[in-house]
Amino acid sequence: MQLNFKEIFTVFMVLFAVIDIIGSIPIIIDLRKKVGHIQSEKASLIAGVIMIIFLFLGKSILNLIGIDVSSFAVAGSFILFFIALEMILGITLYKQEETNPMTASVFPLAFPLIAGPGSLTTILSLRAEYDLKNIIIAIILNVIVIFIVLKTSAKIERFIGQNGINIIRKVFGVILLAIAVKLFAHNIKILFV
């Protein structure tokens, strides 16, 4: 069982762009101001567990309701497209609900900010194209990065600055837009063959 490091890196970068934990630093800091301490370990672990469970059960759930992975991947490419537009244009299409201080580490941080509709759709879309073990490793690597960013979010914001965060969001937005187009083109062919 050989690992494909190119696949791991590609999946890692796709998930990293979709989760956009660096771009979420302003949201994390705002949440920390509202509720006080955020449990970084708990939020990272829950997000990772949600993503890995969805990787294994997502396809079964889709089969249960009669949707194939390629159709879901095409739908997912539209979600990625809109997330990319949000990142590039600095607009908000998805509105967050108000936060309960007791559950801030789980909701909205672990879900839907980290393991949200975009990342879950992406995981299933990636499963249609990449090997399972490489996706799992990429998810674990992302969870480690998420934990580090959550622990050091205030320091990162001071170091990079608001302009730096905005530039990073836009760069990852363009990458994500290209990935959405590729995902759409690849899976739309499968549907019509």
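- A pairwise comparison of heavy atoms in A180 and L80 identifies CB-CB, 3.8 Å as the closest pair.
- Shown here for S125 and L183, the closest heavy-atom pair between the two residues is CB-CD2, 3.5 Å.
- Residue K59 places its NZ atom among 12 or fewer non-hydrogen atoms of other residues, nucleotides or ligands, all under 6.0 Å distant.
- Here CG of L109 is found 6.0 Å from CD1 of I28. Values are rounded to the nearest 0.5 Å.
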(message) Could you go through D131 and N134, starting from their C-alpha distance and side-chain angles, then the distance that decides it, and tell me whether this counts as side chain to side chain contact (heavy atoms under 4.5 Å, CB included)?
(response) CA-CA 6 Å; D131 193 52; N134 296 325; 3.5 Å; yes
(message) Run the side chain to side chain contact (heavy atoms under 4.5 Å, CB included) test on I146 and K151 for me, step by step, so that the C-alpha distance in whole Å, both residues' side-chain angles and the decisive distance to 0.1 Å come before the verdict.
(response) CA-CA 9 Å; I146 289 164; K151 273 291 191 205; over 6 Å; no
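- If you chain together hydrophobic residues whose side chains sit under 4.5 Å apart, I190 and I188 never meet in one group.
- Taking 4.5 Å as the limit, every side-chain heavy atom of M87 sits out of range of all side-chain heavy atoms of V171.
- Remark: side-chain polar atoms of S71 are not paired, donor with acceptor, to backbone N or O of I67 under 3.5 angstrom.
- Considering only heavy atoms from C-beta on, D20 stays 4.5 Å or farther from I168 through its side chain.
- At least one side-chain heavy atom of F56 sits under 4.5 Å from a side-chain heavy atom of L132.
- Side-chain contact between V11 and V14 is absent, with no heavy-atom pair separated by less than 4.5 Å.
- With hydrogens and angles disregarded, no donor-acceptor distance shorter than 3.5 Å links the side chain of E41 to the backbone of F147.
- By the criterion of side-chain heavy atoms lying less than 4.5 angstrom apart, applied directly or through intervening Ile, Leu, Val, Met, Phe, Trp or Tyr residues, I148 is grouped together with V18 in one hydrophobic cluster.
- L120 places none of its side-chain heavy atoms less than 4.5 Å from the side chain of L124.
- For the pair G90 and K170, the tightest heavy-atom approach, listed with the atom from each and the gap, is N-NZ, 4.2 Å.
- For F172, the ring-ring contact (aromatic ring centres under 6.0 Å, His included) partners are F16, not counting sequence neighbours.
- We find the CD1-CZ distance between I61 and F72 to be 9.0 Å, quoted to the nearest 0.5 Å.
- Of all non-hydrogen atoms in Y130 and I135, the two that sit nearest each other are O-CD1, 3.8 Å.
- A distance of 8.0 Å separates NZ in K133 from CG in N4, rounded to the nearest 0.5 Å.
- Residues I8 and L3 are in side-chain contact: their nearest non-hydrogen atoms beyond the backbone lie under 4.5 Å apart.
- Ring centroid separation for the pair F184 and F78 comes in under the 6.0 Å cut-off.
- Cluster annotation: F12 is connected to I144 through the hydrophobic network of ILVMFWY side chains, with a link wherever side-chain heavy atoms come within less than 4.5 Å.
- Both F9 and I123 are members of a single hydrophobic cluster when ILVMFWY side chains are connected at heavy-atom separations under 4.5 Å.
- Closest approach of L150 and A43 over heavy atoms only: CD1-CB, 4.0 Å.
- The CD1 atom of I136 sits 12.0 Å away from atom CG of L141, with the distance rounded to the nearest 0.5 Å.
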(request) Show your working on side chain to side chain contact (heavy atoms under 4.5 Å, CB included) between I79 and T122 and close with a plain yes or no. (result) CA-CA 9 Å; I79 292 174; T122 303; over 6 Å; no
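- Taking CZ from R169 and CG from L89, the interatomic distance works out to 11.0 Å, rounded to the nearest 0.5 Å.
- N142 is linked by a side-chain hydrogen bond (donor to acceptor under 3.5 Å, both in side chains) to nothing, counting only residues two or more places apart in sequence or in another chain.
- One distance of note links CG of L191 with NE2 of H186; it measures 10.0 Å at 0.5 Å rounding.
- For the pair S119/I114, no side-chain contact is recorded, criterion being any heavy-atom separation below 4.5 Å from C-beta on.
- With R127 contributing its side chain and L55 its backbone, the two residues share a donor-acceptor pair below 3.5 Å.
- Contact annotation: the side chain of I156 never approaches that of I165 to less than 4.5 Å [non-hydrogen atoms, C-beta and beyond].
- Counting only distance, with no hydrogens or angles, the side chain of S77 and the backbone of K182 share no donor-acceptor pair below 3.5 Å.
- Note on L45: it does not cluster hydrophobically with V106, by side-chain heavy-atom contacts below 4.5 Å among ILVMFWY residues.
- Shown here for N187 and S70, the closest heavy-atom pair between the two residues is OD1-OG, 3.6 Å.
- Applying the salt bridge (charged side-chain N to carboxylate O under 4.0 Å, His left out) rule to pairs touching residues 66-82 yields nothing, sequence neighbours excluded.
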